[in-house]
Amino acid sequence: MATMTTMSSVEQYLGDKAEYLLGFSSPKISKERLHLPGPDSVDRLYGVTDRNNRVLGNLQRIYNHGRLAGTGYLSILPVDQGIEHSAGASFAKNPDYFDGENIVKLAIEGGCNAVASTFGVLGSVARQYAHKIPFLVKINHNELLTYPNRFDQVLFGTVKQALDMGAAAVGATIYFGSEQSSRQIVEISQAFALAHELGLATVLWCYLRSDAFKKGGKDYHVSADLTGQANHLGVTIQADIIKQKLPENNGGYLALNGNGVSYGKFDKRIYSELTSDHPIDLCRYQVASCYMGRIGLINSGGASGANDFSEAVATAVVNKRAGGMGLISGRKAFQRPRRDGIALLNAIQDVYLSSEVTVA
């Protein structure tokens, strides 16, 4: 049972957004249509699927670890930025994290369900920690050393390596909308099928990547309609958990279908009957796109900045109230002293532990 102190701290972090986010009660898609997270999530949501018992066992291991154990919600620490954003740029704020052991320690001490990182990071300490916290091995990356920089996700290892390491799950990114997306879809579909065969759970970073998605001064990489479709593609290739950025706007299809250009397919009822401009409604559309929540949606925490605690708590509130399954937050946690990183992870988890922060 959450205490009033917990709820008070949530409201304090939200500040003038508290009533806007906590008081929202009129979603376009009702919660009764959703498959919501709960203590029985693995049995109820995954147990009816074609996943084998070893996959269910690894999912249960993830859901039963850390401060959120047994709630059906997830708090994951992802630190693959040493490749995705370059090690110097990512770890200059806190050089301790050049040493991958400190990444795993932060996840353990921060009460996370799992730690997500690279083959190198997790492999370098696997015998010491793989039995102490579930490992989520990121199998592909976008590297930023090719000149000029290009944006493409390429495999850095195999599913078998992750299995041999003792991992509970593998993760991957697909840049939907990019020139390389078709190859990535095939690669990761095959990798996920093998992961399931071998008993590993699968997590997909369903990111958008195209210069065309920036139009008229708006960045539609974070639009509810386009990210929702990316999620729908992700669950189609049988990701067990979808990672997506929190939506910040809507109308990507509308913007891309102007001036005689035809792009994709959409229905205007997406914007009138299925969403509003409220952030919880926008996130709920992402959840709906994941088979109405049968496959869990975890939103990313975003870049580190001046108001990390407030932004992280607000993201957690939006995700939970929308029907999402948790948060995967990295830079906000590891780009600060460890004690403060632990406090930030705990602040996120407190939202999911609070019985007073309800699904809208």
Side-chain angles (χ1 to χ4, degrees), residues 42 46-47 49-65 74 76-84 87 99-101 103-104 107-108 112-143 145 152-176 180-207 233-243 295-296 298 328 330:
V42 174
Y46 300 101
T49 70
D50 60 355
R51 276 58 159 182
N52 63 43
N53 283 340
R54 288 167 297 163
V55 175
L56 299 180
N58 273 319
L59 283 167
Q60 193 71 57
R61 185 179 164 214
I62 294 169
Y63 280 97
N64 277 355
H65 194 85
L74 300 175
I76 298 175
L77 177 73
V79 188
D80 59 352
Q81 285 87 350
I83 299 176
E84 298 281 346
D99 182 347
E101 182 179 9
I103 294 170
V104 180
I108 292 173
C112 292
N113 298 76
V115 58
S117 196
T118 65
F119 280 103
V121 164
L122 297 178
S124 68
V125 294
R127 293 197 176 208
Q128 187 174 1
Y129 291 106
H131 57 295
K132 296 178 182 176
I133 185 172
F135 278 11
L136 166 54
V137 182
K138 186 73 164 30
I139 63 174
N140 69 350
H141 300 284
N142 174 57
E143 55 84 15
L145 204 56
D152 185 16
Q153 289 283 332
V154 295
L155 292 169
F156 269 55
T158 68
V159 174
K160 179 69 162 48
Q161 283 177 267
L163 178 73
D164 292 342
M165 190 189 298
V170 295
T173 298
I174 293 176
Y175 282 155
F176 292 107
Q180 300 84 15
S181 62
S182 294
R183 190 206 80 245
Q184 292 167 16
I185 290 169
V186 172
E187 283 180 353
I188 302 309
S189 295
Q190 293 173 344
F192 278 10
L194 178 59
H196 280 156
E197 182 182 335
L198 297 176
L200 300 179
T202 58
V203 183
L204 189 64
W205 279 239
C206 289
Y207 285 174
L233 294 175
V235 294
T236 299
I237 68 170
Q238 294 202 307
D240 297 316
I241 298 165
I242 296 294
K243 178 191 177 187
I295 300 300
I298 55 177
I328 180 163

**Student:** Any side-chain heavy atom of V170 within less than 4.5 Å of one from F192?
**Tutor:**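 SC-SC contact between V170 and F192 confirmed.
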
**Student:** With sequence neighbours excluded, what pairs up with E197 under the salt bridge (charged side-chain N to carboxylate O under 4.0 Å, His left out) test?
**Tutor:**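 Partners of E197 under the salt bridge (charged side-chain N to carboxylate O under 4.0 Å, His left out) test: none.
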
**Student:** How close do H65 and P134 get, counting heavy atoms only, and between which atoms?
**Tutor:**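 Taking H65 first and P134 second, the nearest heavy atoms are CG-CD, 3.6 Å.
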
**Student:** Under the criterion side chain to side chain donor-acceptor pair (under 3.5 Å), I'd like the reasoning laid out for Q184 against N140: C-alpha separation, chi angles, the key distance, then a yes or no.
**Tutor:** CA-CA 10 Å; Q184 292 167 16; N140 69 350; 5.9 Å; no

**Student:** Within a 6.0 Å radius of atom NZ on K160, are there more than 12 heavy atoms belonging to other residues, nucleotides or ligands?
**Tutor:**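 Open: at most 12 neighbouring heavy atoms sit under 6.0 Å from NZ of K160.
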
**Student:** Starting at NE2 of H141, measure out to CZ of F119 and round the result to the nearest 0.5 Å.
**Tutor:**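 Rounded to the nearest 0.5 Å, the NE2-CZ separation comes out at 7.5 Å.
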
**Student:** How many angstroms lie between CG in L77 and CD1 in I108, if you round to the nearest 0.5 Å?
**Tutor:**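 The distance works out to 10.5 Å.
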
**Student:** Going by atom types alone, do Q60 and Y46 pair a side-chain donor with an acceptor below 3.5 Å?
**Tutor:**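 The criterion, which ignores hydrogens and geometry beyond distance, is not satisfied for Y46 and Q60.
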
**Student:** Would you say the side-chain atoms of H196 and D50 include a donor-acceptor pair closer than 3.5 Å?
**Tutor:**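 Side chains of H196 and D50: no pair found under 3.5 Å.
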
**Student:** So, for S189 and I237, which heavy atoms are closest and what is the spacing to 0.1 Å?
**Tutor:** OG-CG2, 3.1 Å

**Student:** Please give me the minimum heavy-atom distance between E101 and V125, naming the atom from each residue.
**Tutor:**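 Between these two residues, the closest heavy atoms are CB-CG1, 3.9 Å.
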
**Student:** Let me see the working for V55 and D240 under side-chain contact (heavy atoms from CB on, under 4.5 Å), right down to the final yes or no.
**Tutor:** CA-CA 9 Å; V55 175; D240 297 316; 4.0 Å; yes

**Student:** Show the nearest heavy-atom pair for residues A239 and L204, with the distance to one decimal.
**Tutor:**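 So the two residues come closest at CB-CB, 3.7 Å.
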
**Student:** Is there a donor-acceptor contact under 3.5 Å linking the side chains of D80 and T118?
**Tutor:** no

**Student:** Which pair of heavy atoms, one from D152 and one from Y175, lies closest together, and at what distance?
**Tutor:** N-CE1, 3.9 Å

**Student:** Work out which heavy atom in A162 is nearest to a heavy atom in L200; give both atom names and the distance.
**Tutor:** CB-CD1, 4.3 Å

**Student:** Is there a side-chain contact (heavy atoms from CB on, under 4.5 Å) between I139 and L155? Walk through the geometry before answering.
**Tutor:** CA-CA 6 Å; I139 63 174; L155 292 169; 4.1 Å; yes

**Student:** Output, in order, the C-alpha distance, side-chain angles, deciding distance and verdict of side-chain contact (heavy atoms from CB on, under 4.5 Å) for K138 and Q153.
**Tutor:** CA-CA 11 Å; K138 186 73 164 30; Q153 289 283 332; 3.7 Å; yes

**Student:** If you measure from CG on L136 to SG on C112, what distance do you get to the nearest 0.5 Å?
**Tutor:**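 It comes to 11.5 Å.
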
**Student:** I need the L59 CG to R54 CZ distance, nearest 0.5 Å.
**Tutor:** 13.0 Å

**Student:** Rounded to the nearest 0.5 Å, what separation is found between the OG1 atom of T158 and the CG atom of D164?
**Tutor:** 7.5 Å

**Student:** Given L74, which partner from the list V203, I328, I62 fulfils the side chain to side chain contact (heavy atoms under 4.5 Å, CB included) test?
**Tutor:**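 When V203, I328, I62 are each tested with L74, the side chain to side chain contact (heavy atoms under 4.5 Å, CB included) holds only for I62.
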
**Student:** Do you see a donor-acceptor pair shorter than 3.5 Å between the side chains of K243 and T173?
**Tutor:** no

